[in-house]
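Structure record follows, encoded as structure tokens.
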Amino acid sequence: MTGLPGSAAVLATVGVVLTLLAAAVLGRRPQDRRLARLLVLLCVTYAVRGLGASDVPWVFGLGRALGQLAEFVLVWVMLSFPTGRLRSRRDRVIVAMSAFSATVLWLPTVLFSAAVPLPGPLVPCAPDCPRNVLLVEDLPQVADGFLTAFRWLSATILLSVALSLLDRLVRSGPGARRTLAPLLVVSILRTLAVAVFVVTNGAVLSGAALTLLFWAVPLAMLLGLLLARLHAAGVLLRLVSGLQHRPDADALRRVMATALRDPGLDIVYWLPDRSRWADSAGVLHSTVPVSRPGQAVTPVDGSDGEPLARVVHDEVLLDQPALLAAVTQSVRMALETNRDAAELALSGARIADARDSARRAIERDLHDGAQQRLIALRMKVSVLSRLLPQDARRAARLAEELGPDVDAALREIRDVAHGAGPRLLHGEGLSAALADAVGRFPEAVSLRIEGVGRYPGAVESAVYFTCLEAVQNAVKHAGPTSTVTVELTDDGRRLSFSVRDDGPGLSPADSAGSGGPPGAGLANMRARMSACGGEVSVVGRPGEGTEVRGHLPLRHEDA
């Protein structure tokens with residue numbers, strides 16, 4: 001760099017050395033290596049730019065032709081800070097415009113101008129510069145046109161970079177603002193300085209000032225990263241302070257939200273046994289819930305590499321990947337503890353639900369099975385009390401039937417207690433069990449069965465107990481002089497039943513909608529049939545009796 005002014009040379013050398021040192025420091029952290037490589041590329045392109053200070057014509061020409069690539073790389077570095085990646089389409093467009101400016105618009109000014117276009121801080125030779133060996137033809141007007149377009153586009157690019165950084169600063173969280181603020185200040189100063197230099201053709205600002213502002217960009221980045229590290233240290237200090245109290249799921253969410261200054265933060269835990277997500281309130285979700293726009297999801301895996309939890313947070317925290325990684329690593333043990341606690345709580349709830357379901361099943365079986373025998377016994381005792389003064393012989397025969405009926409009721413209660421259904425139902429099937437059941441009622445109950453065979457236990461139990469409940473209701477509500485007809489048919493596609501009486505029927509209010517009066521009996525019938533995919537309906541009109549209809553589809557393997 002012969003002939004380079006002392007101050008500009010010193011600043012250029014110091015800037016290159018500091019930037020290379022910064023790249024070496026950043027290269028030690030995996031998440032910063034992409035930015036470190038961009039800083040190394042910036043130093044290389046700036047060194048190429050310095051070739052324009054040489055007295056050798058071909059070296060001078062190469063430096064002048066490729067010198068603007070340093071500005072292109074600088075724009076790339078600024079917009080990709082701090083991750084080294086261009087996050088938005090707008091930033092990619094700005095970088096593409098800078099590449100277009102440094103090549104398509106700048107090269108013609110070198111190829112079609114014998115003079116040195118736009119002297120800069122590293123071109124001290126103007127107007128007595130070496131011969132332009134890259135000159136194709138001296139076309140001053142063409143070169144001036146490209147140079148004017150280059151100047152305007154360069155100014156637009158610098159302004160766009162400053163506005164983009166300002167927009168990111170406004171939308172960022174506290175930590176990201178500390179990181180971006182120094183770079184934004186330097187970007188604004190460079191925009192103003194380059195505009196003044198171009199307008200005055202270097203008459204106002206010295207080359208040393210422009211060189212200083214050029215290298216102020218990576219220095220501002222280092223300052224921003226230092227401020228980000230200090231902010232991260234404060235966040236982790238608040239986080240560790242909150243973790244000392246061994247917070248539960250909801251308290252851990254509050255601790256992380258306070259530490260990261262994100263009140264909308266939430267944590268969802270992966271429960272492998274249920275293949276569902278559970279939030280800090282214990283609510284289950286099939287997918288990770290994102291409650292509002294502008295939120296992002298950061299995964300947290302367990303020590304075994306399997307999914308552990310997901311942190312739902314403000315997307316501005318994505319600008320601080322190192323901070324997010326440090327926070328999630330710090331709370332991993334607490335997340336594992338809370339996930340285990342959530343699984344235990346849900347397991348306890350499942351046990352309680354299973355216990356309640358078993359209790360309800362026993363109540364239903366007692367209501368629909370053993371209770372029917374006891375009701376039949378009560379009816380026989382009532383008939384017996386009426387027959388004693390009128391017909392002692394019939395009363396004696398009826399009294400003899402009470403002993404076996406009591407024994408049968410006891411057996412049925414024992415079966416329910418042991419989780420089994422009626423023995424006749426399991427042994428001989430639905431037809432035999434229904435025939436035995438309706439024969440115990442003293443009132444006139446007839447049974448008609450067509451095409452019925454054996455079915456899975458759940459199907460037979462559902463139809464058996466539903467028919468018994470319907471017969472009991474008919475005997476109780478239709479009156480002592482009424483008759484009850486039970487029909488059971490299998491047409492190959494579905495198993496259907498009907499329990500019909502010729503009693504007084506239902507009122508319009510009772511039969512409206514689903515039909516039938518409210519009560520545990522109707523609820524039990526519907527619960528049993530719906531569990532097997534079947535349906536139950538109650539139809540009745542005043543003076544025309546009541547009919548309970550039901551059916552359930554039969555699969556091929558059920559028949």
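Here, residue 1 is the first one in the sequence, and each next residue gets the next number. These values consider heavy atoms only, across backbone and side chains, with no hydrogens, waters or symmetry-generated copies. In this text, all values refer to a predicted model and were calculated from it rather than measured experimentally.
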I'd like to check the side chain to side chain contact (heavy atoms under 4.5 Å, CB included) partners of [X]; sequence neighbours left out, ordered by chain and number.
X	answer
Val73	Leu41, Leu42, Thr45, Val77
Leu62	Leu51, Leu66
Thr156	Met97, Ser160
Thr258	none

Given 3.5 Å as the limit, does a donor-acceptor pair link the side chain of [X] with the main chain of [Y], or not?
X	Y	value
Arg92	Leu86	yes
Asp262	Asp314	yes
Glu71	Ser101	no

With side chain to side chain contact (heavy atoms under 4.5 Å, CB included) as the test, would you mind laying out the steps for Trp277 and Trp270 before giving the verdict? CA-CA 5 Å; Trp277 297 94; Trp270 174 246; 3.5 Å; yes
Find the distance between [atom1] ([X]) and [atom2] ([Y]) and round it off to the nearest 0.5 Å.
X	Y	atom1	atom2	answer
Leu158	Leu153	CG	CG	9.5 Å
Leu74	Leu39	CG	CG	9.5 Å
Glu535	Arg549	CD	CZ	12.5 Å
Leu159	Ile157	CG	CD1	11.0 Å
Leu184	Leu163	CG	CG	9.5 Å
Leu219	Leu183	CG	CG	11.5 Å

Among side-chain atoms of Asp491 and Ser496, is any donor-acceptor pair under 3.5 angstrom?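 No pair is found: no donor N or O on one side chain lies under 3.5 Å from an acceptor on the other.
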Answer yes or no: are there more than 12 heavy-atom neighbours, outside Trp76 itself, under 6.0 Å from its atom CH2?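 No.
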Begin with the C-alpha distance, continue with both residues' side-chain angles, and end with the deciding distance and a verdict on side chain to side chain contact (heavy atoms under 4.5 Å, CB included) for Val463 and Tyr455. CA-CA 10 Å; Val463 175; Tyr455 308 94; over 6 Å; no
Grab the two heavy atoms, one from [X] and one from [Y], that are nearest each other, plus how far apart they are.
X	Y	result
Phe72	Ala102	CB-CB, 4.2 Å
Glu460	Leu425	OE1-O, 3.7 Å
Asn473	Met525	ND2-CE, 4.3 Å
Val297	Pro299	O-CD, 3.9 Å
Asp301	Arg310	OD1-NH1, 3.9 Å
Ala65	Leu107	O-CD2, 3.4 Å

Holding to salt bridge (Lys or Arg N to Asp or Glu O under 4.0 Å), I want the full list of residues that pass it with Asp167, two or more places apart in sequence or in another chain. Arg90, Arg171
Do [X] and [Y] touch side chain to side chain, with heavy atoms closer than 4.5 Å?
X	Y	answer
Thr83	Leu35	no
Met78	Ser187	yes
Leu69	Val48	no
His551	Met529	no
Val95	Val93	no

Between side-chain atoms of residues 18-27 and protein atoms elsewhere (two or more places apart, or another chain), which donor-acceptor pairs fall under 3.5 Å?
from, atom 1, to, atom 2, distance (Å)
Thr19, OG1, Gly15, O, 2.7

Quick one: do Ile267 and Val300 satisfy side chain to side chain contact (heavy atoms under 4.5 Å, CB included)? Show the steps, please. CA-CA 10 Å; Ile267 306 171; Val300 183; over 6 Å; no
